[in-house]
Each structure stands twice: as C-alpha cells, then as structure tokens.
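First comes the structure, then the notes that go with it.
Labels below follow one simple rule: chain letters A, B, ... track the order of the sequence lines, proteins then strands, and each chain is numbered from 1.
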2 protein chains.
Amino acid sequence: MVTRKVSIADIGERAGLSITTVSRVLNGKAEQYRIGKKSQQKIKEAAEELEYIPNYFASNLKSGKSRTIAIIVPSLTNPFFAGFASEINSEVRRFGYISIIGDSDENNETEKLELQQMVSRNIEGLIIAPCGNQFEHLKKLYEQGLPIVCIDRYFEHLDIPYVSTDNYDGAVTATKHLIENGHSLITCIQGIQQSTPNLLRIKGFKDAMEDAGIKSYNVVGDDFTIQNGYLETKLLLQQKEIPTAIFTLSNTIAMGCIKALKENNIRIPQDVSVITYDDHQYLDFLETPITCIAQPVSDISKIAIKFLFSRLSNDENRTKQVLLKPEIKIKKSVRKIN
Amino acid sequence: MVTRKVSIADIGERAGLSITTVSRVLNGKAEQYRIGKKSQQKIKEAAEELEYIPNYFASNLKSGKSRTIAIIVPSLTNPFFAGFASEINSEVRRFGYISIIGDSDENNETEKLELQQMVSRNIEGLIIAPCGNQFEHLKKLYEQGLPIVCIDRYFEHLDIPYVSTDNYDGAVTATKHLIENGHSLITCIQGIQQSTPNLLRIKGFKDAMEDAGIKSYNVVGDDFTIQNGYLETKLLLQQKEIPTAIFTLSNTIAMGCIKALKENNIRIPQDVSVITYDDHQYLDFLETPITCIAQPVSDISKIAIKFLFSRLSNDENRTKQVLLKPEIKIKKSVRKIN
DNA sequence: TGATTTTGTACAAACGTTGATGCAAATATA
DNA sequence: TATATTTGCATCAACGTTTGTACAAAATCA
C-alpha cells in the first residue's frame with residue numbers, strides 16, 4: 001500500500017482521546033472499561049470517517065491470537081473437497097475468523113510444508129483431511145496444543161478429534177446393494193491402502209461379501225485419484241473374467257473408472273454396474289447417474305467447525321470423535337441381474 | 001499453542017549472539033552485514049535445534065510485508081474457479097508467499113466484506129475474478145496502491161491489469177461452429193449482463209449471427225449459475241418454437257441447461273445441440289460430452305501471478321492487460337443439420 | 001608505533017496493538 | 001463538610017521482529 005494506513009492513534013487524535021480508549025471501544029470492551037457514551041460515539045465516528053481498518057498483525061502480535069483457521073485438503077480440484085473448503089471457509093467467517101486453505105495434492109511432504117507455513121502464521125486451529133497415513137507431524141502439533149479436527153480421513157488410534165462418516169457401514173450398505181441386485185462378481189477399487197477410511201471400507205466390503213457367502217472377490221488399486229481408477233479399470237478389462245459390478249472407494253476413482261469403461265464401450269449398467277463412495281453434483285449429470293454412498297459434507301463441516309470453536313473458546317479438552325451415517329443415493333448405475 | 005514459541009531471542013541466547021545478528025542471519029542478510037561464518041553456523045544450528053518457526057506477525061508488523069496474496073473467486077464449488085484457486089494457491093507458495101482464498105458467492109456485498117477482511121490482513125496483492133459489474137471498491141484499492149490482477153472477468157475501461165481470454169473471439173468461434181453445422185435457430189443463455197466477458201460474448205454471438213445473415217436470435221438469462229441455466233432452459237422449452245441449438249455462456253449455465261433438457265427427455269445433440277463457454281474435467285464425463293470454448297486456466301493463473309509479482313518486486317507500474325486465445329474443443333454435443 | 005580502515009556485532013527505537021495499572025474528577029455516603 | 005466510592009480515561013510496558021546507527025576489536029597501513 002502506498003497511502004499510509006490509518007491507525008488507532010489517528011482516530012485517537014481526531015477524537016481527542018487516548019489510543020487505549022480507542023482500542024477498547026473498537027474491541028467492544030467499552031462497557032467493561034466504562035468508557036462514556038459520548039466518547040464511544042466520537043471514536044466510532046472518527047473510525048468511520050477515517051475508514052479505519054484494523055491491523056491484525058499488530059493486534060495478533062500483542063494478543064497472540066491470529067483469528068485464523070487453516071484448512072488442508074488433498075485436492076481443491078476435487079469437488080468433494082472443494083465443497084468442504086467452501087463450507088468451512090464461509091463458516092469460519094461467521095466467527096470473525098479467516099481461513100487459509102492449503103492443497104496437499106495427496107502428498108505427505110507437501111502437507112507438511114503447508115502446515116509449517118501455516119503454523120508460522122500462528123493459526124489457532126486446523127481442519128484437515130489428511131492425505132496419507134502418516135500422522136506424526138499432526139500428532140506433534142496436537143500435543144503442543146494446536147486444536148485440530150480431522151474430516152473425512154482420520155486416525156483411529158489417535159485422540160485427535162474427527163468428524164467423518166461410518167465408513168464401514170457405508171461400504172456394507174453399498175456392497176449389500178450390489179449383492180441384493182444379484183451381483184457376486186464384484187471388484188473393489190480402493191484408495192490409499194493404509195488410510196483409515198479405506199481400511200474400514202475394505203473391511204465393510206469384505207464382511208458383506210463373506211456374510212453373503214461370497215468367498216471370491218477382488219480388491220485392487222492404491223490411490224484416491226482419477227488415474228488410479230482409470231488404470232485399474234483398464235487392467236480389469238483385460239482379464240478373462242470381467243466383474244459384473246465395480247465398487248469404487250471415491251468419486252475420483254469412479255470418474256477414472258467411468259472413463260475407462262466408456263473408452264472400451266462398456267455400458268453402465270447394462271454391461272457393468274458401478275457404485276461409488278462420495279457424492280457430488282456432477283455425478284447426477286453423467287450419462288448414467290452413479291449410485292453412491294453420500295457423505296453429508298455440509299454437516300461434517302459444520303460439526304468440525306463447532307468442535308474447533310468450542311475447543312477454542314472453552315479450552316475444553318474432551319476429545320470428540322464422531323461418525324455420521326452415510327446415505328445411499330440410488331441412481332441408475334446398478335442393474336438388477338438374475 | 002500451549003508450549004511457548006521459540007523466538008530469535010532464544011536462538012541468540014543459545015548461540016551467544018545478539019537478537020540483531022540472529023535476525024540478519026536468518027533473513028539471509030549475513031553478507032550484507034558482514035556476519036562471521038562461525039556465527040552464522042552457530043545461529044543456524046541453534047535455530048535448527050530449537051525448531052525455530054518465525055513469527056510472521058512480528059516481522060510483518062515491522063516490515064509492513066505480509067507475504068500474503070488474496071484470491072477471490074465467485075464460487076469455490078465451481079470446478080472452473082476451483083481450478084484457478086488451486087493453481088494460484090500453489091503458484092504463490094513458490095514465491096514464499098501464502099494465499100488466502102475468498103468465495104464471493106457471486107455476491108457483491110460478500111465480495112466487499114471478504115476484501116475488507118483481507119485488506120486488514122495487509123495483503124500485498126489480490127487476484128480476483130470479480131463477481132459483478134461493480135468495481136468502485138476495487139478501483140479505490142488499486143489507486144491506493146494495492147496490486148490487483150483480474151482474471152476471467154475484468155473491467156475494460158479501468159486500468160487494472162487483467163488476464164482473460166478473448167471473449168469476443170471465443171463467442172464468434174462458438175457461434176460460427178453452430179452456424180457451420182447448419183443451425184440458425186440459436187438461443188444464447190447469458191450470465192451477469194453488464195459484466196465485461198458477458199458483454200463481449202454477447203457481442204461476438206450477435207456479430208457472428210448477423211454476419212451469417214441471421215437476423216433473429218434470442219438472448220436470455222442473467223446469471224452465471226446452474227439455476228439460471230436450468231430456469232431459462234425450462235422456459236425455452238415451453239415456447240412454441242424450440243431452438244435447434246443453445247449457446248451457454250458458462251459451464252454452470254450449461255449444467256443447468258443440461259439438467260432441464262434431460263428432465264424433458266430432450267436429447268443432446270439429436271434434438272438440441274449445445275455449446276458452452278468454459279471447459280472442465282467433468283464435461284467429458286457427461287452423457288454427451290459438451291463441445292466448449294476452453295479457457296487456458298493454468299496459463300491465465302501463471303500469467304496473473306507473474307504480473308502480480310513483477311509489480312511487487314520492481315514496483316513496475318505499467319498496466320498489463322492480456323487476452324489469451326480461447327480454444328474450441330469439439331466433442332459430441334453439436335449435431336450437423338441439413 | 002600510532003593512525004586508519006575493515007570486520008563483526010550490539011544497542012535501541014520503532015511497527016500498531018493490547019492490557020495491567022494508576023489516578024484525577026464526579027458522585028455518593030456519613 | 002470530609003471521606004469513600006464510582007466513573008472515565010490516560011500512562012506505560014509489552015508482543016517478536018527489523019533496521020539505522022554506533023562502536024569495540026582486529027587487521028592494515030604509514
């Protein structure tokens with residue numbers, strides 16, 4: 001900025017009052033410090049006229065409070081996570097906070113670097129969908145006192161709060177839906193293998209299969225990306241025996257899968273049925289709307305924010321871990337077979 | 001944070017050197033101030049051991065530099081803008097800066113509020129896709145010396161730098177494509193009417209139509225949203241004469257349009273052809289991949305950042321306004337008719 | 001050997017806030 | 001009327017940096 005900024009000193013001068021008084025009025029502590037009505041009025045007017053904009057850096061330096069929350073998601077271009085970012089971003093502002101958004105690009109090192117940067121900005125809290133199964137850096141920060149809430153992905157054996165969905169339940173529901181529609185030759189394309197949601201989804205898948213007496217099934221893949229979905233599907237299609245249904249463990253995997261199927265002229269659901277974890281807007285616009293296990297993004301975001309701010313205000317330490325019920329949204333990608 | 005943070009004073013103590021010296025070494029000004037090699041070494045080691053993380057608030061307060069860039073887009077859940085946010089976000093970090101992302105929600109007031117918040121954080125620069133045709137707040141900030149670069153949407157008659165695509169050219173290309181495929185009954189669904197890109201696209205559309213000797217055409221709509229696309233298409237379908245082709249001026253409008261067509265069992269392109277401005281990943285996965293005028297998001301982002309940082313470092317004031325060439329991506333949504 | 005230059009570092013004053021403390025003036029109480 | 005209380009505000013010292021300046025000690029020179 002070229003023009004010098006207006007400081008509370010300028011306001012004080014104009015109003016004929018001290019810096020301290022200005023600070024108190026502008027911070028809503030007028031009552032607490034018994035500042036007279038007239039003085040309050042004068043200060044507010046002066047601030048208005050001078051178009052005062054507080055300098056957060058100065059106030060943070062003094063107070064140690066940055067009024068900043070960090071959000072880290074694995075990929076902003078994934079509409080599922082963009083949804084989280086957007087929701088949380090606007091929710092945070094309602095508390096007078098601001099958020100800085102980081103994109104870890106599904107890369108642990110990037111995640112750490114982002115986090116470092118953010119910590120040096122004195123973030124007061126962090127909402128993160130961790131990209132991998134590494135958690136040391138998070139654990140350390142959490143133990144140092146940084147409030148953290150994990151969303152979507154989390155770590156079962158740590159006491160870092162999280163808000164996610166019941167991944168096991170969702171996977172069971174999805175698998176049962178396929179089985180009820182007559183499928184038994186099912187392949188599951190998974191994401192990052194050691195991540196908690198993935199483990200639980202796989203467990204749900206396996207349990208549902210075995211409960212139905214189906215002993216043989218395939219689990220392939222290793223990443224929550226379009227490429228992984230595409231590649232694994234391409235490989236699948238080269239096998240002698242093509243499954244009648246595919247269960248993809250994320251919307252990105254689903255997109256890759258669909259692309260591969262389309263390239264090979266395999267129709268959904270006539271030739272292969274598809275069901276996926278995660279919903280998003282664009283899933284409805286596809287050639288065949290894809291049946292999915294939808295996570296309540298908005299609810300998760302709001303609860304996560306609530307956890308974070310209750311921790312920030314009450315300094316309440318009780319670890320909160322919540323799993324919401326996912327919902328199956330039946331669209332048109334699963335065919336009933338004999 | 002509960003544990004007290006490490007300050008340069010702690011490092012100084014450990015290294016047996018003064019705060020000043022520590023600051024200079026850590027800021028790479030050791031040579032300039034002739035700090036001895038040994039001292040540099042000691043300081044770096046101490047910083048390492050103590051896991052020093054600089055306090056940006058203090059340094060910014062003193063230096064006035066926040067190393068923060070603001071990004072404001074109309075909607076983070078629109079993959080087109082999420083793409084910008086993601087690109088710019090990571091690009092900015094390469095300069096040692098951080099970015100804060102705002103979502104104006106296509107609302108002028110929200111945009112102003114976001115901006116206010118950001119300015120109070122001493123942002124050093126702003127990259128914005130303004131939501132409307134109001135620009136006073138931007139103009140003012142720009143004149144006060146805040147470096148601003150507009151992307152996608154901009155203001156023709158202001159000297160605020162911008163990076164966008166040649167909207168006129170893109171619209172002409174799209175319209176010609178329809179005409180060459182035999183269409184003459186074409187409706188255009190537009191976005192925010194007074195916005196520069198919209199005006200230019202409409203101009204391109206009209207010019208192309210009239211150049212082809214087509215006198216009668218429709219322009220409807222007033223918002224870059226899915227709802228607008230949906231509603232206007234619904235209305236269109238109630239008319240006696242349904243157009244043979246629809247030209248939507250954004251990907252969101254296109255999605256709404258497609259939804260409405262689908263609901264009414266109107267096939268693309270057999271019954272109605274569709275072409276749209278803006279590309280994105282998911283457009284390829286639709287039932288009928290939609291032919292579109294693609295904007296080079298990555299290039300735009302990179303150039304915008306380049307403009308911003310050249311301004312920041314050289315304090316170079318030359319206004320830079322660039323229009324990149326959009327590219328038509330022919331997919332399957334336009335049918336050749338007699 | 002004394003004067004001059006170079007080298008290496010420290011001191012102290014900001015930056016714009018906040019918060020503890022202090023102290024008159026105004027008001028209430030005895 | 002003298003004392004106690006309340007009201008309304010100002011003074012001052014931080015917060016963790018950066019930066020202009022000052023100043024010994026070491027090295028060089030005459």
Side-chain angles (χ1 to χ4, degrees), chain A residues 1 3-44 46-47 50-68 96 119-122 124, chain B residues 1 3-44 46-47 50-68 96 119-122 124:
Chain A
M1 303 294 272
T3 47
R4 208 176 53 77
K5 293 236 179 114
V6 176
S7 78
I8 54 172
D10 300 318
I11 298 179
E13 200 178 335
R14 189 174 185 116
L17 290 162
S18 82
I19 293 182
T20 313
T21 307
V22 175
S23 169
R24 289 182 171 146
V25 170
L26 263 28
N27 283 301
K29 298 189 179 166
E31 299 312 315
Q32 185 184 338
Y33 286 95
R34 303 168 314 222
I35 310 297
K37 293 288 173 206
K38 272 186 204 162
S39 299
Q40 291 190 37
Q41 188 60 24
K42 271 196 279 185
I43 287 169
K44 281 176 185 162
L50 296 173
E51 299 187 330
Y52 170 69
I53 294 180
N55 181 337
Y56 270 99
F57 286 89
S59 106
N60 294 336
L61 176 57
K62 187 64 179 99
S63 65
K65 299 287 157 204
S66 63
R67 307 205 135 247
T68 302
V119 168
S120 75
R121 308 245 160 179
N122 287 359
E124 288 184 41
Chain B
M1 303 294 273
T3 47
R4 207 177 54 79
K5 291 237 179 113
V6 176
S7 77
I8 54 172
D10 300 319
I11 298 179
E13 200 178 336
R14 190 176 186 114
L17 290 162
S18 80
I19 293 180
T20 312
T21 308
V22 174
S23 168
R24 290 184 169 142
V25 169
L26 262 28
N27 283 299
K29 298 189 178 166
E31 300 312 314
Q32 186 184 338
Y33 287 95
R34 304 168 314 221
I35 311 294
K37 295 286 172 207
K38 272 186 204 161
S39 300
Q40 291 189 37
Q41 188 61 24
K42 271 195 281 186
I43 287 170
K44 282 176 186 163
L50 295 174
E51 300 186 331
Y52 170 68
I53 294 180
N55 181 334
Y56 272 97
F57 289 93
S59 96
N60 171 59
L61 176 58
K62 189 64 181 94
S63 66
K65 298 288 157 204
S66 62
R67 307 205 136 246
T68 302
V119 168
S120 75
R121 308 238 160 185
N122 287 2
E124 290 184 40

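More than 12 non-hydrogen atoms from other residues, nucleotides or ligands lie less than 6.0 angstrom from CD of A:Gln40.
With distances taken from any side-chain atom of B:Leu17 to the nucleotides D:dT17, C:dT9, C:dT17, the minimum falls on C:dT9. Distances from the side chain of A:Tyr52 to the nucleotides C:dT9, C:dT17, D:dT17 place C:dT17 closest.
Atom OG of residue B:Ser23 and atom CD1 of residue B:Ile43 lie 9.5 Å apart, to the nearest 0.5 angstrom. Rounding to the nearest 0.5 angstrom, the gap separating the OG atom in A:Ser63 from the CG atom in A:Asn27 is 9.0 Å.
In terms of position along DNA chain C, the nucleotide closest to B:Gly16 lies nearer the 5' end than the nucleotide closest to the other residue of the pair A:Ser59 and B:Gly16. Residues B:Gln40 and B:Leu61 each lie close to DNA chain C; by heavy-atom proximity, the contact nearer the 5' end of the strand is made by B:Gln40.
Rounded to whole Å, atom C1' of C:dT18 lies 13 Å from atom CG of A:Asn55. Distance CG (A:Asn122) to C1' (D:dG16): 10 Å, rounded to an integer number of Å. Atom NZ in A:Lys62 sits roughly 19 Å away from atom P in C:dA14 (whole-Å rounding). A straight line from CD1 of B:Ile8 to P of C:dT9 spans 16 Å, rounded to a whole angstrom. Atom P of nucleotide C:dT18 and atom CZ of A:Phe57 are separated by 15 Å, given to the nearest angstrom. Summarising the geometry, the separation between CG on B:Asn60 and P on C:dT17 is reported as 12 Å, rounded to the nearest angstrom. A:Gln32 places its CD atom 14 Å from the C1' atom of C:dT21, with the value rounded to the nearest Å. Atom CZ in A:Arg34 sits about 14 Å away from atom P in C:dA20, given to the nearest Å.
The side chain to side chain contact (heavy atoms under 4.5 Å, CB included) check on A:Ile19 picks up A:Ile8, A:Ala9, with sequence neighbours excluded. B:Glu124 is linked by a side-chain hydrogen bond (donor to acceptor under 3.5 Å, both in side chains) to B:Tyr97, counting only residues two or more places apart in sequence or in another chain. Here B:Arg24 pairs with nothing under the side-chain hydrogen bond (donor to acceptor under 3.5 Å, both in side chains) rule; sequence neighbours left out. Residues satisfying the ring-ring contact (aromatic ring centres under 6.0 Å, His included) test with B:Tyr56, not counting sequence neighbours, are none.
The side chain of B:Ser39 contributes an N or O atom lying less than 4.0 Å from OP1 or OP2 of C:dT9. The side chain of A:Ser18 contributes an N or O atom lying less than 4.0 Å from OP1 or OP2 of D:dA10.
Nearest heavy atom pair, residue A:Ala46 against residue A:Arg14, reads CB-CD, 3.9 Å. The two atoms that bring A:Leu26 and A:Tyr52 nearest to each other are CD2-CE2, 3.7 Å, heavy atoms only.
Within the nucleic acid shown, B:Tyr33 comes within 4.0 Å of at least one base atom, counting heavy atoms only.
Remark: B:Thr20, B:Thr21, B:Arg24 in residues 19-31 of chain B come within less than 4.0 Å of DNA chain C through at least one heavy atom.
Over its full length, the helix from C:dT1-D:dA30 to C:dA30-D:dT1 turns its helical axis through 50°, comparing axes from the five pairs at each end and rounding to 10°.
Screening A:Ile11, A:Val22, A:Val25 for a side-chain contact (heavy atoms from CB on, under 4.5 Å) with A:Lys44, the sole residue that qualifies is A:Val25.
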